[in-house]
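The figures that follow rest on heavy atoms only: side chains count, while hydrogens, waters and symmetry mates do not. Please read all numbers here as calculations on a predicted model, not as lab measurements. Just so you know, ligand 1 is whichever comes first in the structure, and atom 1 is the first atom listed for that ligand.
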Amino acid sequence: MSFNLDYYESKMVCNFCRKSYTTYKVRPGRFKVKGQDMDFMPIYEGVNPLLYEVAVCPHCGYAYHKSMTRTYGPFLSLAGESYINKLQKVMNLCRERTIDEAVASYQMAYLVAKASMEEELVLANFALKIAWLYRLKQDRMSEKRYLQSARDLFNKSRAANKESEEKIQYLVAEISLRLGDLAEAKRGFSRLLTGREISNKYRNFARKRWEEYKYQHQEAAENNINFL
Ligand SMILES: [Zn+2]
C-alpha cells in the first residue's frame, strides 16, 4: 500500500470505549474552497474534507463530530444503551472513504447524537450534510429525502443567538425552494426581506436568492420549460 499524500492520520481517543485509534483527515493544501452553494455547501477543488469530518471508532462504533457536545457521562450511557451496545458489527471507516462511506459516517453520527439527546440543530446539520453528499453523487432522490428531514429538524431547532436564528430561517426558506415548496420558500424569504430586525447579511442572502429564483423562473416560463 502506498503512502497517501492527500491525508494525515489524526489521533483519537474514543469517548465511549476510551481506546485509541487514528483516522484520516485531509491535509490542508490538498483542497481549495472554490465557492459555496446557496445552502452553504462548500464547493471544493481537490480532495473533499467534508467526507472526513466524522471520526468513527473502529473498536466500538461510536461516531464523533466536533459539533457534538453531549459526549460525556450520562449522555454516553444513553448512547450505549440505545445504539452502541446494539451494533452487530463495526465498520472501519478510518482510511480513504467513498461518498457512500462518508454518508454512513454521518448516519452513525446522527444515531449517536440522537441517542445522546443532542440538540435538534446538531441533527439538522447532519441531515443537511448527508443531502450535500448525495448532491455530489447526483442522487437527486436521496438528496431530497435528506433535505426534507433537514428542514423538519431546522423547524424544530432552537437557536442559540440571533445570527443562528436568522441562519435557520434562511436555510428553511432555501431548502423549501430546493424542495419545490414555493409557498414556504416565499413566506420565509419575505420574512427575511421585510423583518425590521434582520441583519444585512441574511437580508442580502434572501434578496439574492429570491431574485435569482424569479429571474430563472421567468426565463423558464418564457422558454416554456419546467423549472424545479
Ligand atoms: Zn470506541
Next on the checklist: If I take the Zn ion (ligand 1) as the centre, what angle separates the SG atom of Cys17 from the SG atom of Cys60? Nearest 10 degrees is fine.
Outcome noted: 120°
Checklist entry - Can you tell me the angle formed at the Zn ion (ligand 1) by SG of Cys57 and SG of Cys14, to 10°? => result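 Result: 110°, to 10°.
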Next on the checklist: Between the side chains of Lys162 and Glu166, is the shortest nitrogen-to-carboxylate-oxygen separation below 4.0 Å, so that they form an ion pair?
Outcome noted: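 Looking at Glu166 and Lys162, the cut-off is met.
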Checklist entry - When you check the side-chain N and O atoms of Glu165 and Tyr202, is any donor under 3.5 Å from an acceptor? => result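 The criterion, which ignores hydrogens and geometry beyond distance, is not satisfied for Tyr202 and Glu165.
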Next on the checklist: What I want to check is whether the side chains of Tyr24 and Arg95 have a donor and an acceptor closer together than 3.5 Å.
Outcome noted: yes
Next on the checklist: Within 2.8 Å of the Zn ion (ligand 1), is there any N, O or S atom belonging to His59?
Outcome noted: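 No N, O or S atom of His59 is closer than 2.8 Å to the Zn ion (ligand 1), so no.
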Checklist entry - Given the rule in the side chain to side chain contact (heavy atoms under 4.5 Å, CB included) test, do His65 and Phe126 qualify, once you have shown the distances and angles that lead to the verdict? => result CA-CA 9 Å; His65 184 268; Phe126 290 157; 3.6 Å; yes
